[in-house]
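Residues: numbered from 1 along the sequence shown. As a basis for the values below, the full set of heavy atoms in this structure was taken, side chains included, without hydrogen atoms, waters or symmetry mates. Just so we're clear, the structure is a prediction, and the values are computed from it rather than from any experiment.
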Amino acid sequence: MEFVIKHVSRRLEAGMPRQVMCEILAVALGQIALTISDIKIGSMVKLTGYLNKKSFASHQLILHVDHIVLI
C-alpha cells in the first residue's frame, strides 16, 4: 500500500524560527498496511522505517514503514 505523509513542524535554524512542511511518499506491506488502512486520514502518527529509491531507475525517495504508532 502506497500513501503520502504530510509533515508540518517548527524548528530553530541558526537561532531563527523556521516552519518545515513536506510531503513524503511511503509504502507499507503486510500487517503494517492493514493497520494503516484503519487509521483515519489526518491522524497524527509516528512512523519508523527506512528510506530507499522508489525504483531502480528512480531518484525519488520513498519511506518503507515498518512501525506505526498513533499519537
Side-chain angles (χ1 to χ4, degrees):
M1 152 194 267
E2 283 191 4
F3 55 101
V4 175
I5 303 161
K6 183 175 182 180
H7 171 83
V8 178
S9 64
R10 292 185 183 270
R11 300 285 186 241
L12 285 178
E13 182 176 32
M16 301 291 294
R18 179 177 187 166
Q19 185 167 6
V20 178
M21 296 187 307
C22 64
E23 291 186 352
I24 302 167
L25 186 58
V27 64
L29 303 173
Q31 184 59 48
I32 298 294
L34 294 174
T35 300
I36 290 170
S37 68
D38 289 337
I39 296 174
K40 293 181 183 176
I41 293 174
S43 296
M44 303 273 296
V45 297
K46 180 178 179 179
L47 302 172
T48 57
Y50 62 94
L51 291 171
N52 197 4
K53 297 190 310 182
K54 186 173 180 181
S55 69
F56 180 75
S58 174
H59 292 289
Q60 182 180 11
L61 292 177
I62 188 167
L63 174 64
H64 291 253
V65 178
D66 56 24
H67 186 73
I68 184 166
V69 176
L70 282 167
I71 53 173

Nearest heavy atoms of [X] and [Y], plus distance in Å:
{"X": "A28", "Y": "A33", "result": "O-CB, 3.4 Å"}
{"X": "K54", "Y": "S58", "result": "CB-OG, 4.0 Å"}
{"X": "S37", "Y": "M1", "result": "CB-CE, 3.6 Å"}

Are [X] and [Y] joined in one hydrophobic group, where the rule is that I, L, V, M, F, W and Y side chains link up if heavy atoms are under 4.5 Å apart?
{"X": "L29", "Y": "F3", "result": "no"}
{"X": "I36", "Y": "L25", "result": "no"}
{"X": "L34", "Y": "V27", "result": "no"}

Who passes side-chain contact (heavy atoms from CB on, under 4.5 Å) against I39, sequence neighbours left out?
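If we apply the side-chain contact (heavy atoms from CB on, under 4.5 Å) test to I39, skipping adjacent residues, the hits are S43, V45, I68, L70.
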Who pairs with L51 by side-chain contact (heavy atoms from CB on, under 4.5 Å), at least two apart in sequence or on another chain?
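Listed in chain order: L61, L63.
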Once rounded to the nearest 0.5 Å, what's the spacing between atom [atom1] of [X] and atom [atom2] of [Y]?
{"X": "K6", "Y": "E23", "atom1": "NZ", "atom2": "CD", "value": "6.5 Å"}
{"X": "H67", "Y": "L47", "atom1": "NE2", "atom2": "CG", "value": "9.5 Å"}
{"X": "M21", "Y": "R18", "atom1": "CE", "atom2": "CZ", "value": "10.5 Å"}

Can you confirm whether H64 sits close enough to I62 that some side-chain heavy atom of one is under 4.5 Å from a side-chain heavy atom of the other?
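Counting from C-beta outward, H64 and I62 do come under 4.5 Å.
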ring-ring contact (aromatic ring centres under 6.0 Å, His included) involving F56 - partner list, sequence neighbours excluded
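Counting only residues at least two positions away or on another chain, F56 forms no ring-ring contact (aromatic ring centres under 6.0 Å, His included).
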Taking atom NE2 as the centre, does H7 end up with more than 12 heavy-atom neighbours from other residues, nucleotides or ligands that are less than 6.0 angstrom away?
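Check passes, neighbour count above 12.
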